[in-house]
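These notes are about the structure you will find just below.
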Amino acid sequence: MPELPEVETTLRGIAPHVVGQQISQCVVRETRLRYPVPPLLPTLIVGGEIAAIWRRGKYLLFAIGGGHLLVHLGMSGSLRIVAKGTPPGRHDHVDLELESNLCLRYTDPRRFGVISWVEGDPLRHSLLCSLGPEPLTENFSGEYLYQLSRKRKVPVKSFVMNANVVVGVGNIYANEALFLAGIHPLRQAGSLSQKAYGRLADTITVVLAAAIEQGGTTLRDFVGGDGKPGYFSQSLNVYGRGGQPCVRCGRPLQKDRLGQRTTVYCGYCQR
DNA sequence: ACGAAGCCCTGCAAGC
DNA sequence: TGCTTGCAGGGCTTCG
């Protein structure tokens, strides 16, 4: 379940091994991801150099020639550096072999991820053009959330998980940030005060930054290693703790379904 | 324009 | 033990 911290950690982990490298071969074993992997992908990128990697929301962008390789890890995807010639497993769908002895391998058991190609300015791509601000930049603030939420009736949790509002706030961190801000997840987005959104913007920022920090230590080695996500080892206050005592007041945490997502909160501490 | 629901997919855990 | 069932969920698409 890669959330933004894990995507950022992946970026930092693989960048030293792939930036500046020429792609010597591209092997696509499975094209059925969220969208079909472009049949011409190998033709488009083999021989090209990965000039840079960057991130927009949970999308990774590899600058190659006049376009970008667009990668999303979905629910279960990962990118790992393996030695060239490492036998592929059942869910190792795409390999980018580099001029070094290394190979960038995309693995995704549930196939919710994306591997696509964008010609020209990637930010104009339909998947990226309407994304909200990055939560760890100054474009994101309580004032921004407050203004955008006026007259919105969706639950505030759904509001902050909407990538068109702000990118990178997945289910785990939405639950955690709302708990830390003392805000009930089912509150209508438009009913929250500017002060409440100030707290929420702060807790979103803090939780994501802390997770990136932790992911950075847990996932430092992207060559070899097991690739286990780091955020599970961080202390989660509510996620996965339905029915257990609230760390603040001791009352049992409530667990609801909101949309299709599990929502855990303290009905006493979160108003 | 907004909001709710559906869908994609496999691994894992729980229940019978 | 081996089957079936339900759940996990990001994010796009469809429908009201």
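Numbers restart at 1 for each chain; the letters A, B, ... are given by sequence-line order, proteins then strands. Scope of the values below: all heavy atoms of this structure, side chains included, with no hydrogens, waters or symmetry mates.
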Item checked: Members sharing A:L258's hydrophobic cluster (side chains within less than 4.5 Å) -> A:L186, A:Y265
Next item on the list: Could you work out which one of B:dG3, C:dA8, C:dC12 sits closest to the side chain of A:K153?
Entry: B:dG3
Check: Roughly, in whole Å, what's the span from NZ in A:K157 to P in B:dG3?
Finding: 16 Å
Item checked: Distance, rounded to the nearest Å, where A:M161 contributes CE and C:dG10 contributes C1' -> 8 Å
Margin query: Heavy-atom nearest nucleotide on DNA chain B for A:H91 versus A:R34: which residue maps closer to 5'?
Written below: A:R34
Item checked: Minimum-distance nucleotide to A:P155 side chain [options: B:dT10, B:dA4, C:dA8] -> B:dA4
Check: Nearest of B:dG3, B:dC9, C:dC12 to any side-chain atom of A:Y35?
Finding: C:dC12
Item checked: Whole angstrom value for the distance that separates P of B:dA4 from CG of A:D256 -> 15 Å
Checklist line | Verdict with supporting geometry, A:D95 and A:R29, salt bridge (charged side-chain N to carboxylate O under 4.0 Å, His left out) | finding: CA-CA 8 Å; A:D95 281 355; A:R29 302 185 191 84; 2.6 Å; yes
Margin query: If we count only N and O atoms by modelled type, under 3.5 Å, do the side chains of A:T263 and A:R257 hold a donor and an acceptor together?
Written below: no
Margin query: In whole Å, I'd like the distance from the CG atom of A:L33 to the P atom of C:dG10.
Written below: 18 Å
Check: How long is the line joining CG of A:D108 and P of C:dA8, in whole Å?
Finding: 19 Å
Margin query: Of the options C:dG10, C:dC12, C:dA8, whose atoms approach the side-chain atoms of A:T262 most closely?
Written below: C:dA8
Checklist line | Between P of C:dG11 and CD1 of A:I115, the distance in whole Å | finding: 16 Å
Check: Does the base of C:dA8 carry an N or O that pairs as donor and acceptor with the side chain of A:R110 under 3.5 Å?
Finding: yes
Notebook entry, point to check: Are there more than 12 heavy atoms of other residues, nucleotides or ligands under 6.0 Å from atom NZ of A:K84?
Noted result: yes
Checklist line | A:H72 vs C:dG10: side-chain N/O to OP1/OP2 distance below 4.0 Å | finding: no
Check: Does any non-hydrogen side-chain atom of A:F62 lie less than 4.5 Å from one of A:V19?
Finding: no
Next item on the list: Quick one: label A:R152 by what it contacts on the DNA or RNA (base, sugar-phosphate, nothing), any heavy atom closer than 4.0 Å.
Entry: sugar-phosphate
Check: Whole Å only: how far is the CZ atom of A:R187 from the C1' atom of B:dG3?
Finding: 19 Å
Item checked: Closest-nucleotide ordering on DNA chain B, the 5'-leading residue of A:Q260 and A:K151 -> A:K151
Notebook entry, point to check: Expressed in angstrom and rounded to an integer, what is the separation of A:N171 atom CG from C:dA8 atom P?
Noted result: 9 Å
Checklist line | Centroid under 5.5 Å and tilt under 30°, A:F112 to C:dG10 | finding: yes
Next item on the list: Please confirm whether any donor atom in the side chain of A:R257 sits under 3.5 Å from an acceptor in the base of C:dG9, or the reverse.
Entry: no
Check: Considering only C:dC12, C:dA8, C:dG10, which nucleotide approaches the side chain of A:K58 most closely?
Finding: C:dG10
Notebook entry, point to check: Is A:R271 close enough and on-axis enough to A:Y268, meaning under 6.0 Å and within 45°, for cation-pi?
Noted result: yes
Next item on the list: Quick one: label A:L127 by what it contacts on the DNA or RNA (base, sugar-phosphate, nothing), any heavy atom closer than 4.0 Å.
Entry: sugar-phosphate
